[in-house]
Number of protein chains: 2
Amino acid sequence: MARPDKHKKWTIVDIADEAGVSAKTVSHVVNGKLGVSEETRSRVLRIIERVGYHPNIGARNLRGTKANCIGIALPAPLEEVPLSEEFFMWLFVRLFRLFASRGEYICFDLTPHRAPVKTDYARGLWEKMYRACVIAGPLACDDSTVKRIHASGEPYLVFGRLDSLPACSCATVDYEQGAYLSAKYLLDRGHRHVAMLKAFAGYQPGAERSRGYERALREAGLEPEERLVQSVSLSRNNIANMVHRLLAHRDVTALIDSSGMEDASALRAGCQRAGRALGKDVEIVPWAYAENGAVVREACGQLWLPVREAASEGLEELAKWVHGERREPCQVVYPPVLRERVPDTELQKPNRMFVSFD
Amino acid sequence: MARPDKHKKWTIVDIADEAGVSAKTVSHVVNGKLGVSEETRSRVLRIIERVGYHPNIGARNLRGTKANCIGIALPAPLEEVPLSEEFFMWLFVRLFRLFASRGEYICFDLTPHRAPVKTDYARGLWEKMYRACVIAGPLACDDSTVKRIHASGEPYLVFGRLDSLPACSCATVDYEQGAYLSAKYLLDRGHRHVAMLKAFAGYQPGAERSRGYERALREAGLEPEERLVQSVSLSRNNIANMVHRLLAHRDVTALIDSSGMEDASALRAGCQRAGRALGKDVEIVPWAYAENGAVVREACGQLWLPVREAASEGLEELAKWVHGERREPCQVVYPPVLRERVPDTELQKPNRMFVSFD
DNA sequence: CTGTTAGCGCTTTCAA
DNA sequence: TTGAAAGCGCTAACAG
């Protein structure tokens with residue numbers, strides 16, 4: 001009688017021989033399909049357990065069944081868009097709940113890497129490694145990969161939109177609306193020169209910020225000025241520098257912090273260098289990724305981007321798509337929420353989305 | 001001439017036909033092998049790029065080449081051993097450096113999940129999904145999976161040891177020595193009744209703690225007392241409770257905190273409830289995962305477990321094994337370091353390994 | 001330098 | 001309820 005054999009590689013045929021049935025029967029047992037007598041099933045299972053048989057996943061996928069692996073793609077390198085540990089773990093836990101508990105692998109890919117053939121962040125989909133793909137992070141404005149994913153018909157979800165692909169399966173926040181609300185709020189308070197710290201230049205969320213900001217200004221009868229919008233990277237030093245530069249214009253009396261950094265110290269440092277007093281001669285509306293995440297106490301208002309909330313809903317829709325309960329891309333776009341001065345008692349430690357380089 | 005075709009599935013044979021060469025040639029081009037003329041190579045690559053061809057990874061693996069995927073297994077469920085976000089990200093970054101930059105996928109699996117066939121945390125190895133496997137987290141004392149992994153000859157690395165498998169490929173810290181050093185240090189300071197908060201009951205690191213503690217006591221001519229060792233879970237409340245219970249014994253004048261929680265508030269709460277003053281009528285040696293991670297200021301000494309350091313070296317060895325530069329399991333065991341009262345100026349924010357449930 | 005061919009282990013028709 | 005056999009896309013052995 002065969003023991004758990006370290007040397008023999010057991011295939012489905014070996015199991016079938018051992019059990020005196022055909023490979024098909026074993027296949028059906030392994031995949032929990034009907035049409036096998038209870039007696040045969042238990043006999044086969046006993047052998048499988050005894051010899052420690054597992055189906056070769058490559059062969060299984062090859063033959064046509066969908067892969068059982070959910071891929072996570074990072075369209076922007078981590079050095080450029082440093083997703084925070086908190087967000088990563090948050091994502092992890094959700095993926096585990098929705099997919100891994102069904103036996104699906106969760107797979108990460110780093111792009112780009114060296115290879116004879118050029119590839120992209122959806123490699124796992126093209127190689128039939130993934131059954132579905134979550135694209136975590138902002139898309140570059142000129143991204144073309146997501147279009148090919150969309151056209152492939154495979155389930156996917158992007159944590160962001162793309163102007164050039166309106167049908168994109170997405171779960172995100174309306175950054176344009178966020179910028180619009182922030183600017184309008186400050187304009188309504190009487191400011192005429194509202195500056196903006198703008199993150200994600202070259203990426204879709206950056207473009208959305210610009211659009212929303214300009215729309216609010218035009219509605220107020222003002223012409224957007226280039227000097228009032230500063231692109232920033234996700235770095236404390238850079239933000240302090242850019243705040244300094246923006247506030248060097250003495251006519252600037254209000255600032256939107258859409259840097260995404262949620263970092264009070266960098267903002268304060270920049271103000272101080274410019275000889276300004278935050279909350280006194282400069283009003284500020286910072287953006288936050290948690291409902292009452294305390295960015296700056298001196299803020300006259302705060303914009304909450306319910307990114308996790310949108311992502312959470314989007315992932316659930318993706319799970320339905322993957323598991324056959326829906327057939328179409330999903331579009332989850334949450335509106336941001338502007339709150340006037342949050343009472344100190346309600347302020348919470350920010351649950352950051354990104355980390356700083358420095 | 002064919003365009004990037006959304007409908008046609010391109011196989012290696014299609015590419016070969018299109019290029020007027022054989023499949024083998026295409027295969028060699030795709031895999032960067034020698035023996036293809038520059039002209040043929042570029043012609044093939046041009047077609048590949050044009051139609052967006054990618055090799056089917058299942059078929060590739062099936063044919064014998066090793067999978068290009070590194071698996072991360074969590075032998076204990078996250079709800080039981082809550083690895084911290086910091087450690088997770090730390091691991092992530094290292095895996096990316098060592099593997100993903102070579103084009104290897106990083107794959108996570110949750111265990112157990114429902115399936116007709118019972119499986120274990122090394123499923124990805126048995127299914128030939130993984131090329132190698134990192135086992136992140138402590139092993140249960142009765143773990144048998146790792147033995148089968150070891151016997152399979154596939155590269156693997158455990159962040160911990162197993163008494164019953166001395167040859168286990170591991171990267172860890174000598175917890176037994178840690179407990180020994182901690183207990184001896186306190187005994188040498190004159191204490192006769194040294195209590196210990198012990199984490200990971202049922203897991204190898206828990207067993208190691210007990211052994212080291214008992215060895216120190218016996219060396220000092222004392223018999224270990226059961227009432228002086230308390231198993232704790234990774235929960236603040238539980239730790240506070242257990243400290244309270246241990247210090248209720250009025251003869252206990254010293255405490256080893258090998259809970260792994262690095263949580264001063266829980267320790268203080270427990271002391272307070274027992275009517276003791278930490279650092280005055282109770283001396284404490286807490287365990288820390290960062291060299292000068294401040295666990296409790298009142299500590300008379302501190303034990304540093306260089307877990308990340310060991311893991312880092314182990315992962316490098318694993319990478320060598322995977323990439324053919326070594327053939328054997330590796331055994332990286334770092335000794336813990338006991339430091340007497342760390343000057344306040346050197347104390348750092350702890351870089352926690354685990355998070356709390358509560 | 002290149003072509004032909006035999007499987008890898010599985011699922012899935014088509015038959016019984 | 002079960003078996004036999006085809007074939008998924010690829011790589012490697014063998015041939016030229």
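Reminder, nothing fancy here: chain letters follow the sequence lines and each chain counts from 1. Below, each value reflects all heavy atoms present in this structure, side chains not excepted, and no hydrogens, waters or symmetry copies.
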S.K.: Nearest to the side chain of A:Val21, which nucleotide is it out of C:dT4, D:dG3, D:dC10?
M.R.: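 Output: D:dG3.
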S.K.: Is the charged tip of A:Arg123 near the ring of B:Tyr105: under 6.0 Å from the six-membered ring centre and within 45° of its axis?
M.R.: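 Yes, A:Arg123 and B:Tyr105 form such a contact.
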S.K.: Please report the shortest heavy-atom distance between A:Leu157 and A:Leu315, naming the atom on each side.
M.R.: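 Smallest interatomic distance, heavy atoms only, reads CD2-N, 3.6 Å.
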S.K.: For D:dT11, does OP1 or OP2 lie under 4.0 Å from any side-chain N or O of B:Lys33?
M.R.: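 Indeed not, no polar side-chain atom of B:Lys33 lies that close.
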S.K.: Using a cut-off of less than 4.0 Å, is there contact between a side-chain N or O of A:Ser27 and OP1 or OP2 of C:dT11?
M.R.: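 Affirmative; the distance criterion is met.
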S.K.: Atom NE2 of B:His54 and atom P of D:dC8: how far apart are they, to the nearest Å?
M.R.: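 For the pair B:His54 NE2 and D:dC8 P, the rounded distance is 21 Å.
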S.K.: Looking only at side-chain N and O atoms, does A:Thr25 come under 4.0 Å of OP1 or OP2 in D:dT1?
M.R.: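 Negative; the distance criterion is not met.
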S.K.: From the list D:dG3, C:dT2, C:dC10, which nucleotide is the closest neighbour of the side chain of B:Ser22?
M.R.: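 Among the listed nucleotides, the one closest to the side chain of B:Ser22 is C:dT2.
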S.K.: Please give, in whole Å, the distance from C:dT4 P to B:Asp17 CG?
M.R.: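 For the pair B:Asp17 CG and C:dT4 P, the rounded distance is 10 Å.
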S.K.: Nearest-Å distance, CD1 (A:Ile15) to P (C:dT11)?
M.R.: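 Value for this atom pair: 13 Å.
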S.K.: Could you report the tightest heavy-atom contact between B:Tyr53 and B:Val30, atom names first, then the distance?
M.R.: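 Reported closest heavy-atom pair: CE2-CG2, 4.1 Å.
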S.K.: Taking only N and O in the side chain of B:Asn31, is any of them less than 4.0 Å away from OP1 or OP2 of D:dT11?
M.R.: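 Yes, within the criterion.
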S.K.: Please state how far atom CD1 in B:Ile57 lies from atom C1' in D:dC8, giving the value in whole angstrom units.
M.R.: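 Atom CD1 in B:Ile57 sits about 16 Å away from atom C1' in D:dC8.
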S.K.: Taking atom types as modelled, is there a side-chain donor on B:Asn31 or B:Arg60 under 3.5 Å from an acceptor on the other?
M.R.: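 Yes, side-chain donor-acceptor contact under 3.5 Å.
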S.K.: Do A:Arg60 and C:dG9 have a side chain to base donor-acceptor pair shorter than 3.5 Å?
M.R.: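 No, no donor-acceptor pair under 3.5 Å.
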S.K.: Nearest-Å distance, CE (A:Met129) to P (D:dG9)?
M.R.: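 After rounding, the reported distance stands at 18 Å.
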S.K.: Does the separation of the ring centres of B:Phe92 and A:Phe108 fall below 6.0 angstrom?
M.R.: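 Between B:Phe92 and A:Phe108, the centre distance is under 6.0 Å.
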S.K.: Could you work out which one of C:dG3, D:dG9, C:dC10 sits closest to the side chain of A:Leu62?
M.R.: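 Among C:dG3, D:dG9, C:dC10, the one nearest the side chain of A:Leu62 is D:dG9.
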S.K.: Rounded to whole angstroms, how far apart are NZ on A:Lys128 and C1' on D:dG9?
M.R.: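 Distance, rounded to whole Å: 11 Å.
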S.K.: Apply side-chain hydrogen bond (donor to acceptor under 3.5 Å, both in side chains) to A:Asn56 and B:Glu127, showing your working.
M.R.: CA-CA 5 Å; A:Asn56 179 313; B:Glu127 294 183 348; over 6 Å; no
S.K.: For D:dT2, take OP1 and OP2 only and decide whether either is under 4.0 Å from a side-chain N or O of A:Thr40.
M.R.: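 Checking A:Thr40 against D:dT2: at least one side-chain N or O falls below 4.0 Å of OP1 or OP2.
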S.K.: Tell me the interatomic distance from A:Lys66, atom NZ, to C:dT11, atom P, rounded to whole angstroms.
M.R.: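 Checked: the NZ to P distance equals 15 Å.
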S.K.: Starting from the first five and the last five pairs of the helix from C:dC1-D:dG16 to C:dA16-D:dT1, work out the angle between the resulting helix axes, to 10 degrees.
M.R.: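 Comparing the first five pairs with the last five, the axes sit 30° apart.
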S.K.: Let me spell it out: for each of B:His28 and B:Ala59, pick the nucleotide of DNA chain D with the closest heavy atom. Which residue's pick is nearer the 5' end?
M.R.: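 Here B:Ala59 is the residue nearer the 5' end.
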S.K.: So, under a plain 3.5 Å distance rule, would you say the side chain of A:Arg63 forms a donor-acceptor pair with the base of C:dG9?
M.R.: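 Checked by distance alone, the answer is no.
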S.K.: If the condition is ring pair (Phe, Tyr, Trp, His ring centres under 6.0 Å), which residues does A:Tyr203 pass it with, not counting sequence neighbours?
M.R.: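 So A:Tyr203 forms no ring pair (Phe, Tyr, Trp, His ring centres under 6.0 Å) with any residue.
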S.K.: Do the side-chain N or O atoms of A:Thr11 get closer than 4.0 angstrom to the phosphate oxygens (OP1, OP2) of C:dG9?
M.R.: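 No.
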S.K.: May I have the distance from A:Lys24 (atom NZ) to C:dA15 (atom C1'), rounded to whole angstrom?
M.R.: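 Going from A:Lys24 (NZ) to C:dA15 (C1'), I get 10 Å.
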S.K.: Which nucleotide in the list D:dT2, C:dC1, C:dC10 gets nearest to the side chain of A:Ile12?
M.R.: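 Taking heavy atoms from C-beta onward, the closest nucleotide is C:dC10.
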S.K.: Choose from D:dC10, D:dT1, C:dT12 the nucleotide whose nearest atom is closest to any side-chain atom of B:Asn56.
M.R.: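 Selected nucleotide: D:dC10.
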S.K.: Between A:Glu316 and A:Lys320, does any side-chain N to carboxylate O distance fall below 4.0 Å?
M.R.: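 Salt bridge absent between A:Glu316 and A:Lys320.
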